[in-house]
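Small disclaimer: the values here were computed from a predicted structure and weren't measured. Remember, it's 1-based here, ligands and their atoms both numbered in the order they're listed.
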Amino acid sequence: MEEMLIFGHKSPDTDTICSSIVMSDFQKKLGKKVKPVRLGEINKETKFALNYFGFDAPELINSVSEGQEVILVDHNEFSQSVDGIENAKIRMVVDHHRVCDFNTAEPLYYRAEPVGCTNTILLKMYKENGFEIDKKLAGLMLSAIISDTLLLKSPTKTDEDEKAVKELAKIADVDYMSYGLEMLKAGTDLSDYTAEELIALDCKKCELKDKKAKVAQVNTADIPEMMKRKAEFEKAIKKDIEDNDLDLFVFAITDIINSNSQAIVLGKETQIFEKGFNKTLEDNTAFLPGVVSRKKQILPVLQENA
Ligand code: MN
Ligand code: MN
């Protein structure tokens, strides 16, 4: 039996990486031969979580061959998935995003729930199957939920996420508030990244009607400090727009302490952003009070106004 590959989206975040490791553990408990893999570099926040709970990063892959059996976690859109996904055999999806442009040749297990994090769903699956979650794995699942919900402050957070955090913190034996702040802060140390790396670190491609856009996001505890590099960001974004023929690029610099974002917006369709947020860009930028979630507060606004 060939091993099934389990992975999350490109530009992996903490939920994507942890989901692939946790899902592998789950599948192994079911007796399946599986391997977690990743589609990009591990960010500092994820590195912190992996180190803290004693896990290695999954192996990096760039593409899958035809007929490869795969399980997708934390995504379903092919544009965010591995190269070659169109010809892979997708056996299962566990996700908490909208379903978009998704089709398969064969039947599959598909589980999607509108909760704040894939690991909240995975926790339910463990319980439904009567599987035990050990201390280390609980720590990993906890880290993912803290990351996706910005320590339960994001509007994407549901009651189920909150309950899961409390339950997992108990098993992992950590104080989730202090651990969570430490983990999120580890992810905001961005000084040694180039501007090109920062706009790619957590970036999602999306189609707005017939227009091509990217929405990238970084977390910080200090927006003014990040904005000192605005000219660098603009240069990197302009190059990406040119190289990939994009109509719009939104780069959200999100203050995870005060829950606001500063957006740098470029491209020939910036009026989509201006109309959606009812803001006039000044020098390619706008402040978005209370905006922290790309999924709930940025992408739908752009989609509605395209
Ligand atoms: Mn994710
Ligand atoms: Mn997620």
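Under the 3.5 Å distance criterion, with hydrogens and angles disregarded, no donor-acceptor pair is assigned to the side chains of Ser11 and Asp13.
His9 contributes atom NE2 as its closest N/O/S atom to the Mn ion (ligand 1).
Around the Mn ion (ligand 2), protein N, O or S atoms at a distance under 2.8 Å total 4; waters are neither shown nor counted.
The shortest non-hydrogen separation linking Ile121 to Arg111 is CG2-NE, 3.6 Å.
Between Tyr126 and Phe131, the ring-plane angle classifies as perpendicular under the 30° and 60° cut-offs. In this structure, Phe273 and Phe277 have tilted ring planes: the angle between them lies in the 30° to 60° band.
The aromatic ring centres of Phe48 and Phe53 sit 6.0 Å or more apart.
Between Lys44 and Asp192, at least one side-chain nitrogen of the basic residue sits less than 4.0 Å from a carboxylate oxygen of the acidic one, meeting the salt-bridge criterion.
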